Amino acid sequence: MKTYIFLLGQARELCLAELTEVLKFFRLGHPSVSGNLAFVQSASSLECDQLQSLLGGTIKIAEIRGKIPDLTAESIVEFMDVGEKTSYTFSLSVYSPEPKIDESLHGEVKALLTPKFSSVRYVLPKNDTLSSVVVTKQRVDEYLLVFDSKEKVWLIAKTVSVQNVESWSKRDFGRPFADPKAGMLPPKVARMMVNLALPESPGATKSLLDPFCGMGTILAEGSVSGWQVVGSDQSAVVVEKARKNLDWLVSEFDLKLTDFKLYVADATHVSKQLSGVTVSAIVTEPFLGAPFELRAGRLTQKGRPASTESIENTLKGLQKLYLGALKDWTKILAKNGKVVMVWPEINFNQRQYPVKKLVDSCEKLGYTLTQGPYTYGRPQAVVKRKIYVFKKI
Ligand SMILES: C[S@@+](CC[C@H](N)C(=O)[O-])C[C@H]1O[C@@H](n2cnc3c(N)ncnc32)[C@H](O)[C@@H]1O
């Protein structure tokens, strides 16, 4: 039996939900969790590169190589598979709050390895852990040291894959069109939402619609991970930009087989434009209302002073829009199809203002809430994204 460690990103609950869904899709079991580490046991070797490139919320994957009661250089070297190389670069990263490791450990491990190579070098991690960029760029063999406080042993795990930071960043900042004012999802969050929409059986068709597609972030992440995608937005200008972004994606990421369709449509009547089309999922970040901001401690909306009444009014309007849309989508969604959707939550004066009563209304429309909400947003953000997963019954 092999055990793998998945290092989860900052929005831990969301990252874990994504990992759980992906493992379930591939029939790879269920993770157990400790802090930001998820442990997955498997009778055979996992395709870590494939899983890593699919997951938006996993930073790196490591395979446990051994357990040792005391961290000594000798016991660490015993579990390092250094292979046949002339030069060797390694790093030891600590993924436990306590106890701390001795700074001299890297040097002691180096001393033990030196006779085997013409050159041995180590990279000292910043704040105990090594970034994915450093692991990739400096070709570091990274070993994670994780203290198991129950068994009082150290686990030694070798990093076997890391997130392709360049690829994520290229899709985020390299695309021809962006619209930060309307709000754009970070690609990793879009990918996690797409993965939350995975069908139950690996053989099922994966087709998704984003009816508030904006610049096409969700469509892009769906395309890259093998979904058929359909997008729509009420603005023709926006749809044209999404099309150019997807054309760019297809050429830059060599997505020859991808088939995407785009429409100009109001999300509350999109079924008319798509008549005859059925999708297995709707994945979307809708219009979240005119943004609220704090300026010098005061709440503003569109640069003007705002009050709790403005918050309530905005949320009331959004609730109407979302309900109208969810009602229409029942005509497009396949049976057991999923809706993965962002709803805003406004945080002001230590209070949270969610979109009220929407879950109950969704149940009346024939949806069941199956997961969430998962929160995505900076701790001090006024508007946080809450991600809900519904199933059409
Ligand atoms: C928050 S943005 C979506 C951003 C998108 N997730 C991205 O990353 O680019 C919301 C989008 O909804 C569109 N929109 C607003 N009201 C709409 C409606 N009633 N029907 C369809 N689209 C609408 C806006 O034009 C905007 O592009």
Side-chain angles (χ1 to χ4, degrees), residues 8-19 21-22 25 51-59 163-180 182-198 206-233 238-239 241-250 252-253 255 258 260 262 267 279-288 338-344 371-378 381 383-390:
L8 303 173
Q10 269 174 0
R12 201 190 72 112
E13 299 298 325
L14 176 61
C15 300
L16 177 62
E18 180 206 33
L19 174 64
E21 206 58 39
V22 166
F25 180 74
L51 283 170
Q52 180 75 75
S53 67
L54 194 60
L55 291 161
T58 292
I59 295 165
Q163 234 171 24
N164 185 337
V165 179
E166 256 177 40
S167 174
W168 285 106
S169 155
K170 184 172 172 180
R171 291 204 297 287
D172 201 359
F173 306 111
R175 56 189 156 172
F177 292 100
D179 187 0
M184 282 168 41
L185 270 180
K188 285 182 189 171
V189 181
R191 176 66 69 83
M192 289 192 265
M193 288 176 67
V194 168
N195 282 330
L196 286 175
L198 279 168
K206 294 187 293 175
S207 53
L208 70 81
L209 163 70
D210 180 354
F212 292 92
C213 74
M215 298 295 115
T217 317
I218 288 171
L219 304 176
E221 292 312 311
S223 300
V224 170
S225 53
W227 290 66
Q228 288 167 19
V229 299
V230 185
S232 58
D233 197 287
V238 164
V239 167
K241 289 180 178 171
R243 188 185 307 284
K244 292 197 170 122
N245 279 346
L246 289 174
D247 284 339
W248 169 85
L249 183 86
V250 168
E252 291 291 316
F253 289 80
L255 303 179
T258 303
F260 61 83
L262 289 166
V279 290
S280 66
I282 287 175
V283 184
T284 195
E285 177 199 40
F287 173 57
L288 301 177
K338 290 187 188 174
V339 176
V340 182
M341 188 172 180
V342 173
W343 293 347
Q371 285 192 57
Y374 303 113
T375 306
Y376 182 82
R378 285 175 292 111
V383 182
K384 291 203 172 111
R385 294 170 168 110
K386 293 279 186 180
I387 298 169
Y388 289 78
V389 183
F390 290 95

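Treat the numbers as computed from the prediction; the structure is a model and nothing was measured.
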Inter-residue atom distance [X].[atom1] - [Y].[atom2], 0.5 Å rounding:
X: D233; Y: M215; atom1: CG; atom2: CE; result: 7.5 Å
X: E221; Y: W168; atom1: CD; atom2: CH2; result: 4.5 Å
X: N164; Y: S169; atom1: CG; atom2: OG; result: 9.5 Å
X: Q52; Y: I59; atom1: CD; atom2: CD1; result: 9.0 Å
X: M192; Y: L19; atom1: CE; atom2: CG; result: 11.5 Å
X: T217; Y: M193; atom1: OG1; atom2: CE; result: 10.5 Å

Test item: [X] and [Y] side chains (from C-beta on) under 4.5 Å apart, heavy atoms:
X: T58; Y: C15; value: no
X: T375; Y: E13; value: no
X: V239; Y: S232; value: no
X: F212; Y: I218; value: no
X: D210; Y: V283; value: no
X: V189; Y: V342; value: no
X: K338; Y: L196; value: no
X: R191; Y: V224; value: yes

Locate the shortest heavy-atom distance separating [X] from [Y]; write the atom from each residue and the value.
X: P211; Y: A267; result: O-CB, 3.7 Å
X: P186; Y: R385; result: CD-NH1, 4.3 Å
X: L55; Y: Q163; result: O-NE2, 4.1 Å
X: V383; Y: P344; result: CG1-CB, 3.9 Å
X: A242; Y: G216; result: CB-N, 4.1 Å
X: Q371; Y: A17; result: OE1-CB, 3.8 Å

So among L219, D247, L255, which one has a side chain to side chain contact (heavy atoms under 4.5 Å, CB included) with F260?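 Among the candidates, only D247 passes.
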Parallel, tilted or perpendicular: which describes the rings of F390 and W343, with under 30° parallel and over 60° perpendicular?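 Plane angle between 30° and 60°, so tilted.
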Tell me whether the guanidinium CZ or amine NZ of K170 lies under 6.0 angstrom from the six-membered ring centre of F253 and within 45° of its axis.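 Ring-cation test returns yes.
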Test side chain to side chain contact (heavy atoms under 4.5 Å, CB included) on L246 and L262 and set out the steps. CA-CA 10 Å; L246 289 174; L262 289 166; 4.2 Å; yes
Short side-chain donor-acceptor distance under 3.5 Å, E18 and N195: yes
Side chain to side chain contact (heavy atoms under 4.5 Å, CB included) between I282 and L209: does it pass, once the steps are laid out? CA-CA 5 Å; I282 287 175; L209 163 70; 4.1 Å; yes
Could you tell me whether a side-chain N or O of R175 sits under 3.5 Å from a main-chain N or O of D172, the two making a donor and an acceptor? yes
Can you check whether S280's main-chain N or O pairs, donor with acceptor, with S207's side chain at less than 3.5 Å? yes
Evaluation steps, side chain to side chain contact (heavy atoms under 4.5 Å, CB included), between L249 and R171: CA-CA 8 Å; L249 183 86; R171 291 204 297 287; 3.6 Å; yes
Could you check whether atom CD of Q10 has more than 12 heavy atoms from other residues, nucleotides or ligands sitting under 6.0 Å from it? no
